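Single-structure report; data block below.
All heavy atoms count here, side chains included; hydrogens, waters and symmetry mates do not. We name chains A, B, ... by the order of the sequence lines, and we start the count at 1 in each one. Note that the coordinates shown come from a computational prediction; the quantities given were computed from them, not determined experimentally.
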Number of protein chains: 2
Amino acid sequence: MEPPVNCQLCKNHPNSVFNDLSAESLDKISKLKSCVSFKKGQTILQEGARPQGVYCIHKGKLKLFKLGTEGKEQIMRFATAGDMVGYRSILSDEPISASISALDDTYCCYIPKSSFFQVIQDNPKFSLNVLKLSCQELGEAGKMITSLAQKNVKERLAEIFLILRATFGEDEDGFVDIKLTREEIANMVGTATESAIRLISGLRAEGLIETKGRKVKIIDRVALRSEALVFE
Amino acid sequence: MEPPVNCQLCKNHPNSVFNDLSAESLDKISKLKSCVSFKKGQTILQEGARPQGVYCIHKGKLKLFKLGTEGKEQIMRFATAGDMVGYRSILSDEPISASISALDDTYCCYIPKSSFFQVIQDNPKFSLNVLKLSCQELGEAGKMITSLAQKNVKERLAEIFLILRATFGEDEDGFVDIKLTREEIANMVGTATESAIRLISGLRAEGLIETKGRKVKIIDRVALRSEALVFE
DNA sequence: GCTAATCTATGATTTTTATCAGGTGAGGAT
DNA sequence: ATCCTCACCTGATAAAAATCATAGATTAGC
């Protein structure tokens, strides 16, 4: 469960944003990081806080969400093993703009701010990778904005299932490897919980998805993409 | 109208993302850049294109927008004098995710990709500033997502006027210093043009704004903030 | 395994927003 | 100054989505 002390031994390392880091910097981080764990449901960071370090996820799933004016969540995105969170607040020197909580038991490496800045300064390639990551996230945010503005709720829901599958993959039974309440799904789609429930029932009745409790399996991927107005 | 050949003499320089650049790099850019101008309404970059350089705006106003599935625009944000556009596509090595067009006659410095990368490599501080910029944009995008998901159209419209005023400031008569069609306003709010028109009339009838053709003046800022559910 | 709390589901109703249709006014080109 | 086109405006109607209420099913904690 616990991450290895030495980052080079981490199973996520080959695919993480840290993978271009010099051996020296990786050593430095390995020495300065600490390991933290969070229970399912636990809040890691609250919107508005100023984290003093970044978290690199070793194992587990996080949701990043904002609270609207009436306290309802809007889920922005998820982060999984190998992803880094909290970096944006540190780099923009602003309070963190989304809360982060654990969707299941999660193990992270916590890298203090000063170490993180040191590594940024010492590794232009890493800095560029972080920049690249941030730009990619901004592109995803743009898509989400356009969908929220122009697609109807059913279209958006269909799209969310595709995104969930792309993010979390499938378990052995072919179900998307994340369990979310209907409320959480509604909070991604940007709709009322009841509306989400109704439309999930509808997609199920049309044979596009299958559900088993909170698990969702995509049955007709082509039809779902068409429903979501997603064309590659 | 034309930008100065020497970036150090640009009136936007003290406030631009380039202002921490070494004199040497600034010289290099000054030599390698070219000056381009665009007429009002002209498209600078089309979504999906791969720009071969970044644009630093000397004078003028740009809108960055995506087209939805039915060809309707969703305006993501604006860029004005001193802002840089196109950098995200270059850094993430992806096609550009939003089209860019000129809201009025615009003059830019065009910095070729290779020069831009050179400057990024040679100036960690600049790289950090670009990263900071990208992170701030992502924070703004998160706000927009939450508003689209949870606020009603009137609330969003009120918020858009506050954003426009913050972005463009006011002219001598106190009107927000940008003229947008009702359709463009609707394309920011994420609603039908008629709905935008109705609600603009409504805000005007309530005394919160005043319009003169396409110009908008905020009359009761406190009430508008309240309407927009914006609390500092 | 049991129980309480929470989630899921559905029907009815209300509210919000989009669409359709038609008229007026403003701005730009000649 | 005139004309034409497009933008703005408004009313009516339809569609989409939210809200309210209630019942049944599932999950989490002990």
Side-chain angles (χ1 to χ4, degrees), chain A residues 39-42 68-75 102-105 147-161 175 178-206 209-216 227 229, chain B residues 39-41 68-75 103-105 147-161 175 178-206 209-216 227 229:
Chain A
K39 287 311 222 177
K40 173 176 166 153
Q42 202 175 347
T69 50
E70 308 202 347
K72 186 175 153 75
E73 286 184 9
Q74 177 60 36
I75 295 177
L103 287 171
D104 53 25
D105 292 353
S147 290
L148 279 163
Q150 300 190 10
K151 290 184 183 178
N152 66 37
V153 177
K154 189 178 180 186
E155 288 159 355
R156 302 206 302 274
L157 176 67
E159 189 174 7
I160 291 294
F161 283 135
F175 286 87
I178 181 76
K179 298 202 301 186
L180 298 171
T181 63
R182 297 295 186 261
E183 186 177 20
E184 276 166 331
I185 291 176
N187 289 346
M188 293 183 69
V189 173
T191 191
T193 307
E194 290 94 327
S195 299
I197 291 170
R198 279 182 226 280
L199 291 165
I200 289 169
S201 300
L203 290 179
R204 192 172 53 219
E206 289 166 28
I209 63 171
E210 175 189 326
T211 61
K212 193 172 173 195
R214 293 180 194 167
K215 296 167 66 163
V216 179
E227 186 63 49
L229 306 181
Chain B
K39 287 311 220 178
K40 173 177 166 147
T69 49
E70 309 203 347
K72 184 173 154 74
E73 286 184 9
Q74 177 60 36
I75 295 176
L103 286 172
D104 51 24
D105 293 351
S147 288
L148 280 163
Q150 300 190 9
K151 290 184 183 177
N152 65 37
V153 177
K154 189 180 181 186
E155 287 158 356
R156 303 207 300 274
L157 176 67
E159 190 175 5
I160 291 294
F161 283 135
F175 287 86
I178 181 73
K179 298 202 303 189
L180 299 172
T181 62
R182 298 296 187 262
E183 186 176 20
E184 276 164 330
I185 292 176
N187 290 346
M188 293 183 70
V189 173
T191 191
T193 307
E194 291 94 327
S195 298
I197 291 170
R198 276 179 229 281
L199 290 165
I200 289 169
S201 300
L203 289 179
R204 192 171 53 220
E206 289 166 26
I209 63 170
E210 175 189 324
T211 60
K212 195 172 171 194
R214 290 178 195 169
K215 298 167 67 165
V216 178
E227 186 59 55
L229 305 182

Query raised in the report: Do any N or O atoms from the side chain of Q150(A) and from the backbone of K72(B) form a donor-acceptor pair under 3.5 angstrom?
Result: yes
Query raised in the report: Okay, side chain of Q74(B), backbone of N187(B): is any donor-acceptor separation there less than 3.5 Å?
Result: yes
[X] [atom1] to [Y] [atom2] distance, which is reported to the nearest 0.5 Å:
{"X": "R182(A)", "Y": "R198(A)", "atom1": "CZ", "atom2": "CZ", "result": "13.5 Å"}
{"X": "E183(B)", "Y": "E194(B)", "atom1": "CD", "atom2": "CD", "result": "9.5 Å"}
{"X": "L229(A)", "Y": "E155(A)", "atom1": "CG", "atom2": "CD", "result": "4.0 Å"}

The criterion is side chain to side chain donor-acceptor pair (under 3.5 Å); which residues satisfy it with [X], sequence neighbours excluded?
{"X": "T69(B)", "result": "none"}
{"X": "T191(B)", "result": "none"}
{"X": "R214(A)", "result": "none"}
{"X": "K40(B)", "result": "none"}

Using the 3.5 Å cut-off, write out each protein N or O paired with an N or O of nucleotides 1-5 of chain C and the distance between them.
none

Residues in side chain to side chain contact (heavy atoms under 4.5 Å, CB included) with [X], at least two apart?
{"X": "R156(B)", "answer": "S147(B), L148(B), K151(B), V153(B), V189(B)"}
{"X": "L103(A)", "answer": "K61(A), K63(A), F78(A), I178(A), L180(A), E184(A)"}
{"X": "K154(A)", "answer": "N152(A), L199(A), L203(A), E206(A), E227(A)"}

Using whole Å, report how far [atom1] of [X] lies from [atom2] of [N].
{"X": "L148(B)", "N": "dT17(C)", "atom1": "CG", "atom2": "P", "value": "12 Å"}
{"X": "E184(A)", "N": "dT6(C)", "atom1": "CD", "atom2": "C1'", "value": "13 Å"}
{"X": "L157(A)", "N": "dT8(C)", "atom1": "CG", "atom2": "P", "value": "13 Å"}
{"X": "N152(A)", "N": "dA18(C)", "atom1": "CG", "atom2": "P", "value": "12 Å"}
{"X": "L180(A)", "N": "dT6(C)", "atom1": "CG", "atom2": "P", "value": "19 Å"}
{"X": "I185(A)", "N": "dC7(C)", "atom1": "CD1", "atom2": "C1'", "value": "12 Å"}

Query raised in the report: Which heavy atom in F175(B) sits nearest to a heavy atom in T211(B), and how many Å separate them?
Result: CE2-C, 4.4 Å
Report summary line: Heavy atoms of A186(A) and A196(A) approach each other most closely as CB-CB, 3.8 Å
Query - Sole candidate of I197(A), I200(A), T193(A) that passes side chain to side chain contact (heavy atoms under 4.5 Å, CB included) when paired with I185(A) - result: I200(A)
Query raised in the report: First and last nucleotide of DNA chain D in contact with chain B, 5' to 3', at under 4.0 Å to a heavy atom: what are they?
Result: dA7(D) to dA12(D)
Query raised in the report: Using a cut-off of 4.0 Å between protein heavy atoms and nucleotide atoms, how would you tag nucleotides 24-30 of chain C 5' to 3' with B, S and -?
Result: -------
Query raised in the report: For R156(A), which contact category applies under a 4.0 Å heavy-atom criterion: base, sugar-phosphate, or nothing?
Result: nothing
Query raised in the report: Listed in order of residue number, which residues of residues 193-201 of chain A have a non-hydrogen atom at under 4.0 Å from DNA chain C?
Result: E194(A), I197(A), R198(A), S201(A)
Report task. Note down the inter-axis angle between the two ends of the helix from dG1(C)-dC30(D) to dT30(C)-dA1(D), five pairs each, to the nearest 10°. Result -> 70°
Report summary line: Note: for K179(A) and E70(A) on DNA chain D, the residue whose nearest nucleotide lies more 5' is E70(A)
Query raised in the report: Is the number of heavy atoms from other residues, nucleotides or ligands under 6.0 Å of K215(B) NZ greater than 12?
Result: yes
